[in-house]
Amino acid sequence: MFGNSRKKEVEKALDSIDFAKNRYQLELDTTMGTVKLDFWPEVAPNHCKNMLGLAMIGFYDNLTFHRVVPGFVIQGGCPNGTGTGGPGYHVDAEFNEKAHDPGVLSMARAQDPNSAGSQFFLCLEKVPFLDRQYTAFGKTADEASLAVVQSIGKVKTASGDRPVTDVVIKTAKVLSSPL
């Protein structure tokens, strides 16, 4: 499938996550600026936990946004940088009523609805045909973060929607605050 599974590492990291007591954000420090993401654990707790856990073990550090489709999405989270890799396990779909609006965080997957792993995308525009077909589980936390996402969405791309110059997630840091 994807090689070595990171599931045990992620599960161990998640021991400290408690959505009943804390609010979590993910801060992606990219080569084009900082993107802060809010999570929606009330509609997709397993996807939220998965991304937080992967970030906590450093999985997203130094990965690229390997796919940029202007007016649609930017996609990252592939350890191979090709759209073919993942963490070695899958997360079952948690389809919900959240709309795929600009800045919405959602999980990439193969044709199997239960094939999400580590790859995620951020919407550049409203994309209604993704609603209830992909698990939306968060959104950019502020206008500055959305502006960075939209600037990434304008980079020059080559074949396969791959940016000509890599856009790198230097670090992915979990932030928490008490509710």
Q: Indicate yes or no: at least one non-hydrogen side-chain atom of D29 is less than 4.5 angstrom from one of K173.
A: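 Heavy-atom side-chain distance check fails, nothing below 4.5 Å.
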Q: Consider side chain to side chain contact (heavy atoms under 4.5 Å, CB included). Of T140, V104, V149, which one does L37 pass it with?
A: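 Answer after filtering T140, V104, V149: T140.
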Q: Would you say P45 and W40 make side-chain contact, with heavy atoms under 4.5 Å?
A: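 With C-beta onward as the side chain, the pair stays apart.
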Q: How close do R109 and Q133 get, counting heavy atoms only, and between which atoms?
A: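 Heavy-atom minimum between the residues: NH2-O, 2.6 Å.
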Q: Any chance you could measure N62, atom CG, to K170, atom NZ, to the nearest 0.5 Å?
A: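 If I round to the nearest 0.5 Å, the distance is 10.0 Å.
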Q: List the atom of K126, the atom of A99, and the distance in Å for their closest heavy-atom pair.
A: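 Of all heavy-atom pairs spanning K126 and A99, the closest is NZ-CB, 4.0 Å.
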Q: Taking side chain as C-beta onward, heavy atoms only, is P102 less than 4.5 Å from C123?
A: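 Side-chain contact under 4.5 Å: no.
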Q: Any idea which heavy atoms bring A172 and L28 closest together, and the distance?
A: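 Between these two residues, the closest heavy atoms are CB-CD2, 3.6 Å.
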Q: Give a yes or no on whether the backbone of T82 and the side-chain of N80 come within a donor-acceptor separation of less than 3.5 Å.
A: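 No; zero donor-acceptor contacts below 3.5 Å.
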Q: Side-chain contact test, heavy atoms from C-beta onward, threshold under 4.5 Å: evaluate it for M32 versus V155 and give yes or no.
A: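 M32 vs V155: side chains touch.
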Q: Do F120 and M51 come within less than 4.5 Å of each other through their side chains, counting heavy atoms only?
A: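 SC-SC contact between F120 and M51 confirmed.
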Q: Please say yes or no: joined through hydrophobic side-chain contacts below 4.5 Å, possibly via intermediate residues, are V148 and V168 part of one cluster?
A: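 Different hydrophobic clusters.
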Q: State the NZ-CD1 distance between K8 and I57, to the nearest 0.5 angstrom.
A: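 It is 13.0 Å, given to the nearest 0.5 Å.
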Q: Output, in order, the C-alpha distance, side-chain angles, deciding distance and verdict of side-chain contact (heavy atoms from CB on, under 4.5 Å) for E42 and K98.
A: CA-CA 11 Å; E42 69 280 5; K98 295 284 191 178; 4.0 Å; yes
Q: Which heavy atom of M56 sits nearest a heavy atom of A13, and at what distance?
A: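 Smallest interatomic distance, heavy atoms only, reads CE-O, 3.2 Å.
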Q: Are R6 and E9 close enough for a salt bridge, meaning some N to O gap below 4.0 Å?
A: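 Answer for the salt bridge query: yes.
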Q: Which pair of heavy atoms, one from G117 and one from L54, lies closest together, and at what distance?
A: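 For G117 versus L54, the nearest heavy atoms are O-CD1, 4.0 Å.
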Q: So, taking the atom named OG in S176 and the one named CD1 in I17, what distance separates them when rounded to the nearest 0.5 Å?
A: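 Output value for this atom pair is 7.0 Å.
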Q: Just wondering, do E11 and K49 contact through their side chains at under 4.5 Å, heavy atoms?
A: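 SC-SC contact between K49 and E11 ruled out.
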Q: Which distance, rounded to the nearest 0.5 Å, do you find between the OG1 of T171 and the CD of E27?
A: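 Reported value, rounded in 0.5 Å steps: 7.0 Å.
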Q: Is there a path from V167 to L26 through hydrophobic residues (I, L, V, M, F, W, Y) whose side chains come within less than 4.5 Å of each other?
A: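 The answer is yes; both residues are in one hydrophobic cluster.
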Q: Using modelled atom types only, decide if a donor and an acceptor are shared between the side chain of T135 and the backbone of E94 within a distance under 3.5 Å.
A: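 Yes; judged by distance alone, with no hydrogens or angles, the pair exists.
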Q: Any side-chain donor-acceptor pair under 3.5 Å between H100 and S106?
A: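 Indeed, the side chains of H100 and S106 share at least one donor-acceptor pair under 3.5 Å.
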Q: Are the side chain of Q119 and the backbone N or O of G85 linked by a donor-acceptor pair below 3.5 Å?
A: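 Side chain of Q119 to backbone of G85, a donor-acceptor pair under 3.5 Å: yes, one is there.
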Q: Side chains of V68 and K156: closer than 4.5 Å at any heavy-atom pair?
A: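 SC-SC contact between V68 and K156 ruled out.
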Q: Can you see which heavy atom on V69 is nearest to which on L124, and at what distance?
A: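 Between these two residues, the closest heavy atoms are O-CD1, 3.4 Å.
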Q: Roughly how far, to the nearest 0.5 Å, is CE of M107 from SG of C48?
A: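 Result: 10.0 Å between the selected atoms.
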Q: Could you check if a side-chain atom of Y89 sits within less than 4.5 angstrom of a side-chain atom of N50, using non-hydrogen atoms only?
A: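 Yes. Closest side-chain heavy atoms under 4.5 Å.
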Q: Answer yes if V91 and F19 sit in the same cluster of Ile, Leu, Val, Met, Phe, Trp and Tyr residues linked by side chain heavy atoms under 4.5 Å apart, and no otherwise.
A: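 Yes.
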Q: Return yes if some donor-acceptor pair links the side-chain N/O of T64 with the main-chain N/O of G81 below 3.5 Å, else return no.
A: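 No: the side chain of T64 does not pair with the backbone of G81.
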Q: Report yes or no: do D38 and Y24 form a side-chain donor-acceptor pair below 3.5 Å?
A: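 Checked: D38/Y24 side chains show no N/O donor-acceptor pair below 3.5 Å.
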Q: Evaluate side-chain contact (heavy atoms from CB on, under 4.5 Å) for V73 paired with Y134, printing each intermediate quantity in order.
A: CA-CA 13 Å; V73 300; Y134 289 80; over 6 Å; no
Q: Are F137 and L14 connected, step by step, through hydrophobic side chains (Ile, Leu, Val, Met, Phe, Trp, Tyr) whose heavy atoms are closer than 4.5 Å?
A: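 In one cluster: yes.
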Q: Indicate, with yes or no, if L63 and V35 share a hydrophobic cluster defined by side-chain heavy-atom contacts under 4.5 Å among Ile, Leu, Val, Met, Phe, Trp and Tyr.
A: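 Yes, it is one cluster - the side chains of V35 and L63 are joined through contacts under 4.5 Å.
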Q: Let me confirm one number: the CZ-SG distance from F65 to C78, rounded to the nearest 0.5 Å.
A: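 Those atoms lie 13.0 Å apart.
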